[in-house]
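Taking it in order: structure first as structure tokens, then the write-up.
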Amino acid sequence: MKRTGLFLALAIAMTGCQTAEPEDGGQVSSEVFGIDARIDGREDGQLPSSRTTFTPPGEVAWDSDDRIAALVYDSGDWSAHRLDRAAQGEGRFSAADGYVLTATAASVHAIYPYSSSITALDGDGFTDAPVIIGSAADGSQVQNGTGEEAAAHIDAPLYGYSEISTGGGATVSMDMHHASSLIEVLVRNSTGHDADVTEITVSNGASRNLTGEFFINPGTGELKAGDNVSASASLDVEGAVLASGQTASFYVTVAPFELSAESFTVSVVADGRTYNFSKTITKKFEAGVRNWTEVLDLTDDGGAFALSSTSVEYDFFSDPEPAQVTLEAVNMPEGATMLSWSTSDSYVVRVDDNGSLTPVGHGVATVTATANDPDASTATCTVRVNGVKDRNYGNGDSYYDKCYLPVNVTVTDADGAQVVQTWLDRNLGASRVAQSADDAEAYGSHFQWSRKADGHEQIVWGSSSRGSHSNMDLSRSYLADDRSNAGTANFLKVESGDWAADAASDDDGLWGGTVSGNSYAAYAAPLDDPAQGNNPCPEGYRLPSAEEMYLLFSEILGIDVTNTMSNVVVDGLVDLMFSSELHIPVSGVTNESRISSNATAAGLSNEAGFWVNTPSLAENHAQARRIHIVAKSNQFSTGSVARARGYAVRCIRDTPLETVSLD
């Protein structure tokens, strides 16, 4: 039997198959590390604490090619021993590699079946679980055969833990229990002809962990599943041809998870057709238990109208270049010839006329296909996006291959009302969330005001106080003719004032602000407005208005900053910014006096600046509003400054998220 992973398994058997009776395995040699893996009795729905082969009417035997992975905790370190253990009788393994426990060994952890990617870590990555168990990926997992001669394998991972109180070198016996949750899918063939089942997939609308990794707590021996690793688990099937009227049991093992009032979907592929069965369920899928059993009926009436995937998840941190997903109809309604597509939130995912998905921002959205039948039948897919792609992500310049996360901050407006703002977790262009106030990896880019992300803003940070602009022509000092396109990727070295000689955009710029009327400080143009033409923020995000930024810093600093046009001293200013929910670093300012002959901007750690979308008053086209911080003197100010300066950008979501958690 080939295996795709430690946590996926499949079995198929006739429903007349009997449950195995309890049996005990024997002992192994006292000179080597051994495991006495016994087959325990069980209550209804509880699995035997061993991997067994069920052959009707109930014979139980080990597979001859099974292997165990063992972890030993010895002298403060983990060592992984991937033991290739051939069966030496029912329920017992020999020590094929002759490994002998040392006298200093403190505990043994055994995982079954063998995993080629088991990894021992030093604990720094996990506060309570220094051992991570991965999964082997060496080909498709296949079940062979059906009918009375079929062996129904429940390939759920087993886990055993034992402290060694008598010193190493002796036999270690332990009970091994199922670490995974088992889902039993009963499939009945009601088509009137043979049905060849080739794939079983289980998925859930909450993206709870189904496959993935386990973590071991060495102090308690507790094995816990990882979070949100995969929303679905699929298994290939071979030789599962069901006769008309026949019912078979398919077993899928997954990491334990809890599902509440969310869609639970099982897809069965038979004879090239996909049958989807969905229901709303509230249930805790526990380890070592047959958790869910329901008969799914395959019929020739086409089944329910559904989409090829009912749940899709993009995680741009674990998979920065996900495969293209195109949804297709399964079982089109009678009389329907085409579909129309829509999304509940275009800032999370877009869908084109062919059902192709484009994830654009962190969150959860529902994609709906509407058929043109008389009932306008609909089918849906839940799309979850973890991370917010940079606007220029994937354009060939690796500088922009960054994703961000939203952070909700509650501020108090002028009327005393609580307002939720959704910001990105770091400055635009930053590689990570700030680890300290002077963390250069969190400084990000320096933009000239109202200019797009065209390369001019890129900085390589050599230290917390010095960075080099990637694109700067020091031999030239000129103004761009067109604000919408500077015609160069260079940071424009201008002594003072604006970087563009573009009268048509002098008043408002192209970052969505305006000087029109009296409320310009609070104004933000709609995202599709031409005034947002140079918006450098990710899809669904924009530059904050002056008022939005003022409210944020008022909350962080505990003072009203609305009218702090000149410097105000704020005790502990830098610490307050960094300890806030947005972990704001002292990310520096670029101006001509700071640019040396090699395009390096020095002395940056002494101050910071953040642009807002708001231009200065109409009579001063060369300036725009910003927030400025002088760290060494704890001085804070708003007001206006030359547009040619380079300041950081922190993006705000145009429409705040109700929650930023995918759970």
Side-chain angles (χ1 to χ4, degrees), residues 203-208 228 231-232 260-263 265 278 280 306-320 322-329 339-371 376 378-394 402-410 419-425 428 512 524-529 532 535-544 548 650-663:
S203 60
N204 66 88
S207 290
R208 295 297 191 267
N228 295 327
S232 63
S260 178
E262 297 279 358
S263 61
T265 301
S278 298
T280 298
L307 296 178
S308 51
S309 297
T310 58
S311 178
V312 174
E313 181 171 7
Y314 298 92
D315 188 332
F316 288 105
F317 292 97
S318 63
D319 185 10
Q324 175 65 51
V325 175
T326 299
L327 300 175
E328 298 177 348
L339 300 174
S340 59
W341 298 88
S342 62
T343 175
S344 63
D345 193 337
S346 60
Y347 295 154
V348 173
V349 63
R350 295 196 299 262
V351 59
D352 67 15
D353 293 340
N354 297 315
S356 293
L357 304 180
T358 302
V360 292
H362 177 96
V364 183
T366 300
V367 171
T368 301
T370 303
T378 60
T380 62
C381 174
T382 301
V383 179
R384 305 167 72 83
V385 180
N386 185 26
V388 180
K389 291 197 303 183
D390 191 278
R391 179 176 288 271
N392 288 336
Y393 181 96
K402 296 179 174 71
C403 290
Y404 314 93
L405 283 174
V407 175
N408 277 354
V409 177
T410 301
V419 177
V420 174
Q421 297 177 333
T422 301
W423 297 83
L424 293 186
D425 60 349
L428 203 59
L527 291 180
D528 58 356
D529 193 286
Q532 295 280 7
N535 180 4
C537 296
E539 295 278 350
Y541 290 76
R542 54 172 171 76
L543 265 289
E548 287 169 329
R650 183 68 72 110
C651 299
I652 191 171
R653 198 172 194 270
D654 188 52
T655 303
L657 291 169
E658 181 178 345
T659 176
V660 296
S661 170
L662 285 181
D663 296 329

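The structure presented is a predicted model; accordingly, all values stated were derived computationally and were not measured. Heads up: numbering here begins at 1 and tracks the sequence.
By the disulfide bond (SG atoms under 2.5 Å apart) test, Cys381 pairs with no residue at all, sequence neighbours left out. Residues satisfying the side chain to side chain contact (heavy atoms under 4.5 Å, CB included) test with Thr380, not counting sequence neighbours, are Thr366, Thr368. Listed by chain and number, the residues in a salt bridge (charged side-chain N to carboxylate O under 4.0 Å, His left out) with Arg653 are Asp345 (sequence neighbours excluded). Legend: residues meeting salt bridge (charged side-chain N to carboxylate O under 4.0 Å, His left out) with Asp654, ordered by chain and number and at least two apart, are Arg542. With sequence neighbours left out, Arg350 forms a salt bridge (charged side-chain N to carboxylate O under 4.0 Å, His left out) with Glu539. The side-chain hydrogen bond (donor to acceptor under 3.5 Å, both in side chains) search around Asn392 returns none, not counting sequence neighbours.
Between His362 and Asn386 there is a side-chain heavy-atom pair separated by less than 4.5 Å. Side chains of Leu428 and Pro538 form a contact here, defined as non-hydrogen atoms less than 4.5 Å apart.
Rounded to the nearest 0.5 angstrom, Cys651 SG and Leu543 CG are separated by 6.5 Å. Interatomic distance, CG of Asn535 versus OH of Tyr541, reported as 12.0 Å (0.5 Å rounding).
Remark: the backbone N or O of Ser356 is not paired with any side-chain donor or acceptor of Asn354 at under 3.5 angstrom. Between the side chain of Asn408 and the backbone N or O of Leu657 there is at least one donor-acceptor pair closer than 3.5 Å. Here the side chain of Thr343 pairs a donor or acceptor atom with the backbone of Val349 at under 3.5 angstrom. A donor-acceptor pair is defined here as one N or O able to donate and one able to accept, closer than 3.5 Å; no such pair exists between the side chain of Gln421 and the backbone of Thr410. In terms of modelled atom types and a separation under 3.5 Å, the side chain of Gln532 and the main chain of Ala525 share a donor-acceptor contact.
Closest heavy-atom contact between Ile652 and Pro544: CG2-CA, 3.7 Å. Between Phe316 and Gly387, the closest heavy-atom pair is CD1-O, 4.2 Å. For the residue pair Pro656 and Val420, the shortest heavy atom distance occurs at CG-O, 3.4 Å. The two residues Glu548 and Trp423 make their nearest non-hydrogen contact at O-CZ2, 4.0 Å. Between Val360 and Val388, the shortest heavy-atom distance links the atoms O-CG1, 4.3 Å. Among all heavy-atom pairs drawn from Leu339 and Ala369, the shortest one is CD1-CB, 4.2 Å.
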Subject >> Steps toward side chain to side chain contact (heavy atoms under 4.5 Å, CB included) verdict (Asp352, Trp341) >> reply: CA-CA 7 Å; Asp352 67 15; Trp341 298 88; 6.0 Å; no
**OP:** Might you work through the side chain to side chain contact (heavy atoms under 4.5 Å, CB included) test for Leu327 and Leu357, ending with a clear yes or no?
**Re:** CA-CA 8 Å; Leu327 300 175; Leu357 304 180; 4.0 Å; yes
**OP:** Take Thr422 and Thr655, measure what side chain to side chain contact (heavy atoms under 4.5 Å, CB included) needs, and give me the verdict at the end.
**Re:** CA-CA 8 Å; Thr422 301; Thr655 303; over 6 Å; no
Original post:
Should Val364 and Thr382 be marked as a side chain to side chain contact (heavy atoms under 4.5 Å, CB included) after you check the CA-CA gap, both sets of side-chain angles, and the distance that decides it?
Top reply: CA-CA 7 Å; Val364 183; Thr382 301; 3.8 Å; yes
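For Ser203 and Ser311, the side-chain atoms include no donor-acceptor pair closer than 3.5 Å.
Within a 6.0 Å sphere centred on CD of Gln324, other residues, nucleotides and ligands contribute more than 12 heavy atoms.
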